Amino acid sequence: MTTVAVIDFETTGLSPAMGDRATEIAIVLLEGDRVVDRYQSLMNAGVRISAFIEAYTGISNEMIATAPPAAQVMDEANRFVGGRPMVAHNASFDRRFWTAELQRLGQAAEQPFACTLLLSRRLWPEVRSYRLGSLAAYHGLPDAGRAHRAMADAETAAALWCRIRTDLHSRYGVAQARHALLMHLQACSRKALPRAIERHRAAVH
DNA sequence: TGCCAGGCCCTCTTTAGGGCCTT
């Protein structure tokens with residue numbers, strides 16, 4: 001059974017290209033629908049956290065001051081994930097920070113990413129908002145704790161990923177659902193528009 | 001102190017613009 005690594009970053013802003021850095025990382029390893037391991041850490045990248053971000057995430061400069069260095073945390077996180085496929089909500093965001101933080105260590109980010117936001121848009125077009133919290137409420141997912149902290153959001157994204165797999169399995173069968181998700185992973189890793197589900201629908205109908 | 005981006009996707013589209021989503 002394929003194990004995936006569901007990741008969530010808290011950061012100082014939206015763009016590593018503009019100097020933003022990660023402040024917290026959480027990774028949940030999923031084997032099927034079962035959580036088999038977790039990794040979580042604050043990290044000190046030597047940058048200040050704005051008042052807006054502190055209010056948004058609850059992560060303060062005092063918390064970061066005593067956190068381990070970002071390089072150490074990212075090295076541990078990369079070892080923890082290994083070569084497993086990764087999953088995130090709005091994966092383009094987390095993939096940018098994953099790549100940028102690892103590049104600072106001279107490490108390549110070679111894992112493919114799947115995106116629960118893009119898959120949710122495909123699967124449930126009737127949903128009004130595709131924010132992680134809105135999708136969690138829509139599906140009645142368990143409360144994972146304070147939103148916008150890395151582990152809570154990673155746990156929620158993991159539950160959403162399980163819901164996506166279950167929905168795909170019930171609609172298309174296990175084998176074809178697995179094929180659709182594989183195509184989605186390949187498309188995301190190429191930065192291309194993932195239309196796995198439409199392609200799958202077109203192939204079925 | 002205040003500001004910043006990138007990708008998907010819809011539509012009043014494709015020679016473009018704007019909303020959504022992530023922090």
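Below, read A as the first sequence line, B as the second, and so on, with proteins coming before strands; counting in each chain starts at 1. No experiment lies behind these values; they were computed from the predicted model shown.
Using cut-offs of 30° and 60° on the angle between ring planes, the pair A:Phe52 and A:Tyr56 is parallel.
Nucleotides B:dG7 and B:dT1 place their P atoms 32 Å apart, quoted to the nearest Å. Rounded to whole Å, the P atom of B:dT13 lies 12 Å from the corresponding atom of B:dG17. Across B:dC4 and B:dT23, the matching C1' atoms stand 12 Å from one another, rounded to whole Å. Only the C1' atoms considered, B:dC12 is 12 Å distant from B:dG18, to the nearest whole Å.
For A:Tyr130, the side chain to side chain donor-acceptor pair (under 3.5 Å) criterion is met by no residue, not counting sequence neighbours.
Checking B:dC4, B:dG6, B:dT23 against every side-chain atom of A:Thr11, the shortest atom distance belongs to B:dT23. The nucleotide whose nearest atom lies closest to any side-chain atom of A:Asn90 is, among B:dA5, B:dC4, B:dC21, B:dC21. The listed nucleotides are B:dA5, B:dT23, B:dT22; the one nearest the side chain of A:Leu132 is B:dT22. For A:Leu117, counting side-chain heavy atoms from C-beta on, the closest listed nucleotide (B:dC21, B:dG6, B:dT23) is B:dC21. Comparing atom distances between the A:Arg131 side chain and each of B:dC21, B:dA5, B:dT23 picks out B:dC21 as nearest.
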Could you tabulate the donor-acceptor pairs under 3.5 Å formed by side-chain atoms of residues 159-168 of chain A, not counting sequence neighbours?
residue: A:Arg163; atom: NH1; partner: A:His139; partner atom: O; Å: 3.3
residue: A:Arg165; atom: NH1; partner: A:Asp33; partner atom: OD1; Å: 2.7
residue: A:Thr166; atom: OG1; partner: A:Cys162; partner atom: O; Å: 2.9
residue: A:Asp167; atom: OD1; partner: A:Arg171; partner atom: NE; Å: 2.4
residue: A:Asp167; atom: OD1; partner: A:Arg171; partner atom: NH2; Å: 3.2
residue: A:Asp167; atom: OD2; partner: A:Trp124; partner atom: NE1; Å: 3.1

Which atom pairs, donor and acceptor, lie under 3.5 Å between side-chain atoms of residues 77-86 of chain A and protein residues at least two apart or in another chain?
residue: A:Asn78; atom: OD1; partner: A:Gln111; partner atom: NE2; Å: 3.2
residue: A:Asn78; atom: ND2; partner: A:Gln107; partner atom: OE1; Å: 2.7
residue: A:Arg79; atom: NE; partner: A:Asp75; partner atom: OD2; Å: 3.0
residue: A:Arg79; atom: NH2; partner: A:Asp75; partner atom: OD2; Å: 3.4
residue: A:Arg84; atom: NH1; partner: A:Phe80; partner atom: O; Å: 3.0
residue: A:Arg84; atom: NH1; partner: A:Val81; partner atom: O; Å: 3.0

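Side-chain heavy atoms closer than 4.5 Å link hydrophobic residues (I, L, V, M, F, W, Y) into clusters, and following such links, even through other members, never connects A:Val73 to A:Ile49.
Contacts of A:Ser50 with the nucleic acid, taken as non-hydrogen atoms under 4.0 Å apart, are absent.
For DNA chain B, the neighbouring residues in residues 52-60 of chain A, judged by any heavy atom under 4.0 Å, are A:Phe52, A:Ile53, A:Tyr56, A:Thr57.
Between A:Gly19 and A:Glu10, the residue whose closest nucleotide on DNA chain B is further toward the 5' end is A:Gly19.
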Look for any protein N or O under 3.5 Å of an N or O in nucleotides 16-19 of chain B and output each such pair with its distance, or none.
none

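Between A:His148 and B:dT23, a side-chain N or O to OP1/OP2 separation shorter than 4.0 Å is present. Residue A:Ser129 places at least one side-chain N or O under 4.0 Å from the OP1 or OP2 atom of B:dC21.
Screening residues 5-28 of chain A for ring-ring contact (aromatic ring centres under 6.0 Å, His included), with sequence neighbours left out, gives no hits.
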